[in-house]
Amino acid sequence: MPKRILRVNMTNLEAKFEDLPEDYAALGGRGMTSTIVAKEVLPTCNPLGIHNKLVLAPGIVTGTKAPSSGRISVGGKSPLTGGIKEANAGTPFSQMLARLRIGAIIVEGKHAGDDYYLLKLTNEGTEFINANKWSNKGLYGVYKDLRKEFGDKVGICGVGIAAELLGGNSGVCFSDPEGLPSRYSGRGGMGAVMASKGLKFIIVNDTGAPGVEIANEEIFSQGIKKLRDALTSHDVTKPGGALNSYGTSVLVNIINEAGGLPQRNFSAGQDDRSEKVSGEAKAEEIKKRGGQRPHFCNPGCIIQCSEVWCKPGGKDPVGVLEYESVWALGPNSGIYNLDDIGELNRACNDLGLDTIEAGDTIAVAMEGGLIEFGDGKGALKLMDEIRRKTPTGKILANGTEITGKVLGVTRIPTVKGQSLPAYDPRAIKGIGVTYATTPMGADHTAGYCIAPEIMGVGGQVDPLSPEKAEVSRNLQLATAAVDATGYCLFIAFAVLDIPEGLQGVVESLNGVLGTNLTVDDVAPIGRSIIDTELEFNKKAGFTPIHDRLPEFFLEEKLPPHNTVFDVPDSDLDSVF
Amino acid sequence: MPIYVKLFGDLRKKIDPHISGTDSVRLEINAPEVDRISDLLKKLNINENEVTHIFVNGRYAGLKKKIQNGETVALFPRNMALLYKWYFTREEDE
């Protein structure tokens, strides 16, 4: 059986398999979603209307034995940004799709009426089931019930109450290996796109699946061995290394020390209290509480940066508290208490919210006077407004920009309608260039992958100096390429320092696809993906003036370095 | 004025082996012989290969960076090596 596309028409509840078009054969992940969205979605359409589509695609090597490769891309036109979106997550769900030889699921149309549906997908075929009884409920309980109903071997993709509100801050939620609703394609409101069509859940079971077709086993095995060796020997990715010991939260103290950890709605870059919610503090607390650290988000991951945070005594497991989530729901909201942050993260997962957007939203709500900075219990009450679908909850579910405007806040940290992640662009200017210019709206993952030296740029750059266009461009191209492979972006830390590792990545792709790619082909693959995305955005009405940071980053000095974002507009325009 | 030193992660255990994850370690070093980061590490009995990120007054720095009284030095251990380092350059002195 060759690789297929599953086309799901929600207007008449039909799911049909199609042959994968020949020119899609070498695509995966973000390459697949952005190509399909550009080809099939009208750029000027209403993101929540009948003409938008939701595309889910595993990466090229996802579902194989390649290490750290269980990623999924979710694409469509974003209701948050109005542009093209790819949101990425690590989950067994993606590996199961790949082993069923599904290159992409395209969800289109729109079901009339108020009913929600669940799509069940197995090696035998598909089935629609009415999902009303699993709607208007928190996802922790629902995912438990779904595993009871469909067995604990299934992978789950679903959307929560925030998506039912059609909120611009609603993610697509995937199950982790234990079935917790904790792995999110969070950014850009793709949950609302799914809910707008009447689709609430996709359940997949890959029992009896044929597995991923590998064109050249020998090259593939040789490639993944090289990559495995790189991952197990590099300080960032090896067992006992930074990501494995502390998870992404290892960055809390580091970025705080660099003066770039935004505090209280981006009004300072450093606060000593951040140490109370650091990766070191969290790792120790997880051990005490009987949580899990390290943990993998998909089987076969060597890095294992994930964890399971819980209440004392192992109660109410939440899943991972990522660096970005801890920051958004913590220091950026003036909250320096891991218990409050854990409960807020649990509320986000339960409601189907992106943690970054939710934390930025809480912070502007605090600046707007809805609650005080530092009021963790008050922030939880705001989450409850969303759960009860009150007017305030509906505003909050639409994210940072709308909430800020409604409350008369002028310091709103968004680009293209999407809120900024956990690095202040006044202290780390290169990432500010990426926030401004990526087709995705403010997004750190859009440009933090392979180093400039690999891309032939050479050298490192001063974080406080403004010449960043070329670095940002190369990082964005490389990231787009990695997002197409199905590998986790974090492999970049190892393969950037260990050339054999990068060679191994390319060999593993050649092994699966039967191609003869070289390391030099990586950047052009990324370029073609970004070009496709930029073209879509242009047709959707984006111009260079959308590639700008909010004015306050140019006007207000950020302590402790007391710098502003001073990269000239002409540099931003020269990125693409 | 002393040199202010912040230790992170397992480097804190050099000062107190039973230290908790939430306790910070701040030291004040008065030592005329400390000219550069490498001298400071010797003074603290920390091997150069035990350290990954170094910040002096919040700026990313290398072992040869000169330091003066009143400045703040932050040191991170090897197993905290995560940083999007292509956005940072190490400041050094000849």
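For clarity, every value in this text was computed on a predicted model and none was experimentally measured. These numbers come from the heavy atoms of this one structure, side chains and all, not from hydrogens, waters or symmetry mates. Sequence lines set the chain letters: A, B, ... in the order given, protein chains first and strands last, and positions in each chain run from 1.
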Would you confirm whether A/His561, through its side chain, and B/Gly58, through its main-chain N or O, come within 3.5 Å as a donor-acceptor pair? yes

Return the OH to CG distance between A/Tyr323 and B/Leu82, rounded to the nearest 0.5 Å. 9.5 Å

How far does CD1 of A/Ile255 sit from CZ of B/Phe55, to the nearest 0.5 angstrom? 6.5 Å

Would you mind checking which part of A/Glu280 comes under 4.5 Å of any heavy atom in chain B, side chain (CB onward), backbone (N, CA, C, O), both or neither? both

So CZ of B/Arg78 and OG of A/Ser245: to nearest 0.5 Å the spacing works out to 12.0 Å

For B/Ile54, is it the side chain, the backbone, both or neither that has a heavy atom under 4.5 Å from a heavy atom of chain A? neither

Once rounded to the nearest 0.5 Å, what's the spacing between atom OG of B/Ser24 and atom CZ of A/Arg273? 13.0 Å

Below 4.5 Å from any heavy atom of chain B, which atoms of A/Leu243 appear? Answer side chain, backbone, both or neither. side chain

Side chain from CB out, backbone as N, CA, C, O: work out which of these in B/Ser20 comes under 4.5 Å of a heavy atom of chain A, or both, or neither. both

From CA spacing to verdict: salt bridge (charged side-chain N to carboxylate O under 4.0 Å, His left out), A/Glu257, B/Arg59: CA-CA 8 Å; A/Glu257 200 48 43; B/Arg59 294 183 67 103; over 6 Å; no

So what's closer than 4.5 Å to chain A heavy atoms on B/Phe8: side chain, backbone, both or neither? both

Exceeds 12 heavy-atom contacts within 6.0 angstrom, atom CG of A/Asn562: yes

Interatomic spacing from CG in A/Asp235 to CE in B/Met80 - rounded to 0.5 Å: 13.0 Å

Is A/Asn244 in contact with chain B via its backbone, its side chain, both, or neither, using a 4.5 Å heavy-atom distance? neither

